[in-house]
Every structure is written in C-alpha cells, then in structure tokens.
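Presented below is the structure to which this report refers.
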Amino acid sequence: MEVTDPKATLSQHLPHWELLNAHKQAWTSSLSELFALDPHRAEHYSLEVGSLFLDYSKSHLNETTIKHLLALADDCQLQQAIDSLFTGKHVNNTEDRPAWHSALRQQPDSTLPASSVSGDIAAAKKQMAEFVKNLHDGSWKGHSGQTITDVVNIGIGGSDLGPRMVCKALSDFHLPQVNVHFVANIDGAEIYHTLKQLNPETTLFIVASKSFSTLETLENAKTARHWIISNGCSIDNLKRHFVAISTNTKKATEFGIDADNIFPMWDWVGGRYSLWSAIGLPIAIAVGWQAFEALLEGAAEMDEHFATAEFKHNMPVILAFLTFWYSQFWEAKSQAVLPYCHQLQRFPDFLQQLDMESLGKSVNRDGQPTHYATGIAIWGTEESNGQHSFHQLFHQGTQMIPVDFITSLQPNHPHTNQHQQLLACCLSQSQAMLEGKTLAQARQELLDDGQSKADADRLAPHKVIPGNRPSNTLLLDQLTPRSLGSLIALYEHKVYVLSVLLNINAFDQWGVELGKQLGTTIAGALKSGQLPEHWDSSTRALAERILSR
Ligand SMILES: O=P(O)(O)OC[C@H]1O[C@](O)(CO)[C@@H](O)[C@@H]1O
C-alpha cells in the first residue's frame, strides 16, 4: 500500500527542483575554474540598480543554474506573488492581512498601482512632519518651558532595530537640534545608563510599540514616566514628554499618552518592515524630514525594480536565488553579511530580525510540516574587525558560509587613504575566499621565508586555504539616505522571494509567543515565590536559586 508522506517537500511545491538537484549532483567546477572559463564572468554576473551594484560572479553558478532557478520561480508563481505583495493582497495568510510596507514609500511618479491606504499614510506623514518641525524649531517645550534636546525611543524588535540601525548609518546626516537615543532591553541597565546622561526637563520619549503590549517596552516606559514625574513634571504635563506610535490607541491612552500624541500604525505593516512608517519617527528627528523622504525614495526605487525587472536581472531575486541554491543544495547553514562600513555596524542586527523572524518556520503556508531547510542563520559585524576574529572560519573551517560583502565607494569622512585601505580589505577577503592557497604555494612560501625543507613540509598543510568559497559584493556609490533605503528594501524583497520559493509565510512570527507566555508565568512565580510542581527540574532549580539570593 502506498503511504502518503504528510510532510511537505520542496519538489512537490517546485516541480523543477529535481532538475536543479541533478545539476548540483553533477557540479564539478571550482570558482577559479569558472573564472578561467569565462574572462567576462564578472560582467555576466553583476547588476546595477540606482546607486547599488551587485557582483555575484564569485558564486557557483552558470547559465544552466540560472535557467533552473528561473524555472523554480515559475513553479511557485513568483511574479504573481510579487504582484500580490504590491497590490495589498493578504500575503500574510495566517493573520489574514497584507504586508504593505511598500505602500509607505510609494512615490507620486510610481508606475505601481496606487494603494488604497495612501490617504492614511499621507495623514500620518503630515502628523510626523509637523512634530519633527516643532521639535527642530524649538516650539515643542518640556514641562518647565525648555526646548527638547533629547529624544529617547523606547521599543524593541522592529520598533527598535530598524530606526536604530538607520540612525547609526546616517549619523553623517544628523541635524544638530535634537539627539536621539534608543532603549530596548528589559535589562534596566540600558535605560539607567541612557537617563544618567539626560535632563528630564529637556527629554522626550517615544513609546514605539505596534501592539502596545510588549513587556520590555512597557517596563522601560514605566521607568521613564517615573523618572519624568519624580523630577517635577505633573501628570497633566506628561504630554510634553511622551508620544507613542501604536495600532493600539486604547492601551496607549490607558498608559497615559495623550490621544493627540499618538502616531498611527496599521496591522498591514509588519514590525520588522515598519521603519518606513511612524516607527521611523526617530530617523526623521535625527536627520530631518527631507532626508527621511530620501530614504523612502531609495526604497521605492528598489520596489519599482523588484516589481518590474525580469528575474534574470532582478537584484532581490538573484540574491534570493543564491541563498536558496546554497542552503538547499550546498548545505550552507548560515550566511554572513559583512558591512565594510563602520556606519552600517547595526545592519547585521537589523537583518537578523528581518530574515530570521521571517524565515524561521517549520510549516508551509498550508500548515504542513516542511521536509526541507527553511531559514538559515544570518550573522556578521562591521568590518574590518571581523577579519581579526571569525574570518578564520571562512577560510579554513569545514563549513561553507556564503558571505555578502557590503561597502561604499565614496566615504563620508575626509580620511580617503583609510577608505582605500578599507576597500582593499574588502576585496582581499572575497579574493582569498575564492582563490585560497594550495599546498605547493604554502610550501614555497615557507621555503622563501627561509624555513628548512623539513619545516616547510611540516607546516605547509596548516597554511593551506581551500578557497572555492562563495561571496557576493554589494557596492553603494556612497552611504546616503537614498542608497540606504534601496539597500534595506533589497534585503526585504530578497526575504520575500525566499519565502515564496520555500512556500512559507514571511510575515508572521508565532514562534516568539511561547517565550512571552512562559515569561509571564515565570515572572508571576518569581514574584509570589510559588514555583509550580510541574516545571522541569532545571527551571525549578534555577528559580529556587534566584529566590534564595
Ligand atoms: O512593536 P511591538 O508590538 O512592541 O513588537 C515588538 C516586536 O516584538 C515581536 O513581535 C517579536 O518579539 C516583533 O515581531 C516585533 O517587532
């Protein structure tokens, strides 16, 4: 009797998967061989969109690979899925709503269909722009009549990572009027050290929470409120120091935020896709309204490209193809994203939520357990720091870790010599990953260094670098609000394409709920001192130790 496997396989979803699988099984060429075969390989496998240039030639692919990947895109009706995203269809099927972050940045001259939410967006932007103006011209005063000098964004996850990353990335564009700070962690140390440097009479808090029910944000907001009140502000005047961004106006007003001080959010914007909405308020405060608009324009440029370019020349699609190819067929379990750009130091953190919260799923869109790998780990740090830390694993470790190198051609600082060195570092790493070093080369190097033959033979194997490790290089003309907008949208869309190929919902995150539920129970137990009998012995023993301190 035939037994039906209740688990979803990728070949059910993607009939051409078997062809790609066979292609991989037959694959023999190293990256160096691919370059030797085609002197124009770099030209053939690179793309340009606005101020972003992608070189993906240092990857194990040829025209057949692309052909099979394009067939998979047809198998899963990728173009229809992209159209659904841009037209506000309920692509978030488990929560039955659109994921319409693209509408937030749609430009008047857009060729994409106008969204039905454009009126709400325009009203919210007007409210934001006015608030930013009042802060910048000093007309928004604290309770003692002083102008606001510091704004603290209290939020976590999508209500923190995006704005925090962008504010850091655009620090060369900051306006002098108001300093922006971020507090996310439930650990009181973060708010303690932030408030220590601030004056309660000149500080304003943004409580950023789509749900207005996130533990960390509410606890930090309570601490902030206590700090303001205990420094002489009356309850009536709290409105001079608190605004909120939320879909949950009821909870925000119950917390004590003045109704006029609540900026809207909508359920059709996912937290990790929300920096384009009022969640981006700290960005607009830091860099000004014009620069915030430029960020949106850059993202809109990538939206247009993603929605209209044929897949073979579509940057988000190509990036997704490569991650799919390496994670499904080359057993890559993680991907490193390495900004050779100090200002982009928070980009990997931002990307972790964007990618891993979206793709960390084990059931397909229909709720069937997936029989295949879905999201992989995303990690990285600002470079060149990582070169003196974890790059050893890229070069001589046993795992294949595809890398995205990101850098900008023009620096935003005057130290051009150092910038040249930074670019050299970036190129040298991808070249080392590609070429490696053979045993014969290693041995010769040792002999040239004056080692004896015996020592050269003994040491050479330790110096061998296998090479043949893939990487992409993304060049920005310069890190500006506009190019940053394009870069972020590029990765947002890459994640979406991956979710379509993998047949999973990129826009829910039920997995984080369990920890939140258990956290509430454990907090209650620690408060009451009553530990439930049914707890596992580890959690119980740890809780007992906490209680006995
Ligand atoms: O904006 P909120 O509702 O406080 O949520 C913060 C974050 O919490 C999460 O739900 C997961 O912890 C994220 O998806 C979200 O960005």
Side-chain angles (χ1 to χ4, degrees), residues 91-95 97-101 104 124 128 152-167 182-187 190-191 205-225 242-257 261-283 346-361 375 378 488 491-492 495-496 499 504-520 522-523:
V91 291
N92 180 350
N93 63 323
T94 59
E95 295 174 303
R97 58 202 191 199
W100 224 348
H101 37 284
L104 293 161
M128 286 169 71
V152 182
N153 188 78
I154 298 178
I156 198 163
S159 302
D160 168 76
L161 289 163
R164 197 194 283 246
M165 178 275 286
V166 173
C167 282
F182 291 87
V183 169
N185 203 327
I186 187 67
D187 186 341
E190 189 176 22
I191 194 157
F205 294 91
I206 300 173
V207 186
S209 176
K210 182 176 167 183
S211 59
F212 219 88
S213 61
T214 303
L215 171 79
E216 291 88 338
T217 303
L218 295 185
E219 288 301 315
N220 278 317
K222 279 188 222 159
T223 300
R225 187 175 58 187
F242 278 87
V243 302
I245 305 153
S246 190
T247 53
N248 197 339
T249 41
K250 185 167 174 282
K251 279 209 169 168
T253 40
E254 275 167 16
F255 179 85
I257 309 271
N261 286 358
I262 300 175
F263 294 84
M265 263 283 273
W266 305 277
D267 67 359
W268 46 262
V269 189
R272 50 195 175 274
Y273 300 87
S274 65
L275 68 91
W276 322 99
S277 71
I279 291 290
L281 198 54
I283 303 170
R346 294 199 143 266
F347 193 64
D349 298 11
F350 165 76
L351 217 53
Q352 282 182 328
Q353 189 201 14
L354 175 64
D355 195 305
M356 292 159 78
E357 201 169 65
S358 299
L359 302 177
K361 308 287 161 65
I378 302 293
I488 299 167
Y491 278 93
E492 285 180 351
V495 167
Y496 182 59
S499 77
I504 56 178
N505 180 1
F507 302 111
D508 60 13
Q509 59 285 317
W510 303 100
V512 297
E513 293 305 322
L514 179 60
K516 288 187 192 174
Q517 285 162 5
L518 296 180
T520 311
I522 293 179

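Just follow the structure's listing: the first ligand is 1, and inside any ligand the first atom is 1.
Residue Val512 approaches ligand 1 through these ligand atoms, each under 4.0 Å from one of its heavy atoms: 11 (C), 12 (O). For ligand 1 and Gly158, the ligand atoms under 4.0 Å from any heavy atom of the residue are 15 (C), 16 (O). For ligand 1, the atoms sitting less than 4.0 Å from at least one non-hydrogen atom of Thr214 are 2 (P), 3 (O), 4 (O), 5 (O), numbered in the order shown with element in parentheses.
Every heavy atom of Glu216 sits 4.0 Å or more from the atoms of ligand 1. Assignment of Met265 to the shell around ligand 1 is not supported, since no heavy atom sits closer than 4.0 Å.
A salt bridge (charged side-chain N to carboxylate O under 4.0 Å, His left out) with Asp508 is found for one member of Lys361, Arg272, Arg97 and no other, namely Lys361. A ring pair (Phe, Tyr, Trp, His ring centres under 6.0 Å) with Tyr491 is found for exactly one of Tyr496, Phe347, Tyr273, namely Phe347.
Relative to the six-membered ring of Phe255, Arg225 meets both conditions, a distance below 6.0 Å and an angle of at most 45° to the axis.
By the criterion of a heavy-atom distance under 4.0 Å, both the backbone and the side chain of Lys210 are placed next to ligand 1.
In terms of the side-chain contact (heavy atoms from CB on, under 4.5 Å) criterion, residue partners of Met356 (sequence neighbours excluded) are, by chain and number, Gln352, Ala377, Ile378.
Not one N or O of Ala208 is nearer than 3.5 Å to an N or O of ligand 1, by distance alone. For a threshold of 3.5 Å applied to N or O pairs, the pair formed by Thr217 and ligand 1 contains no separation below that value.
Proximity of Cys167 to Ile283: side-chain heavy atoms (C-beta onward) are separated by under 4.5 Å at one or more points.
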> Can you check side chain to side chain contact (heavy atoms under 4.5 Å, CB included) on Met165 and Leu161, steps first, answer last?
Replying inline: CA-CA 6 Å; Met165 178 275 286; Leu161 289 163; 5.9 Å; no
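In this structure, Asn153 contributes its side chain and Phe205 its backbone to no donor-acceptor pair below 3.5 Å.
Scanning all protein heavy atoms for the shortest distance to atom 14 (O) of ligand 1 gives Glu357 OE1, 2.8 Å. Protein heavy atom nearest atom 3 (O) of ligand 1, with residue, atom name and distance: Ser211 OG, 2.6 Å. Counting protein heavy atoms only, atom 10 (O) of ligand 1 is closest to Lys516 NZ, 3.6 Å. Closest to atom 7 (C) of ligand 1, if we only count protein heavy atoms, is Ile156 O, 3.7 Å.
Here the closest heavy-atom approach between residue Ser277 and residue Met265 is recorded as OG-SD, 3.5 Å.
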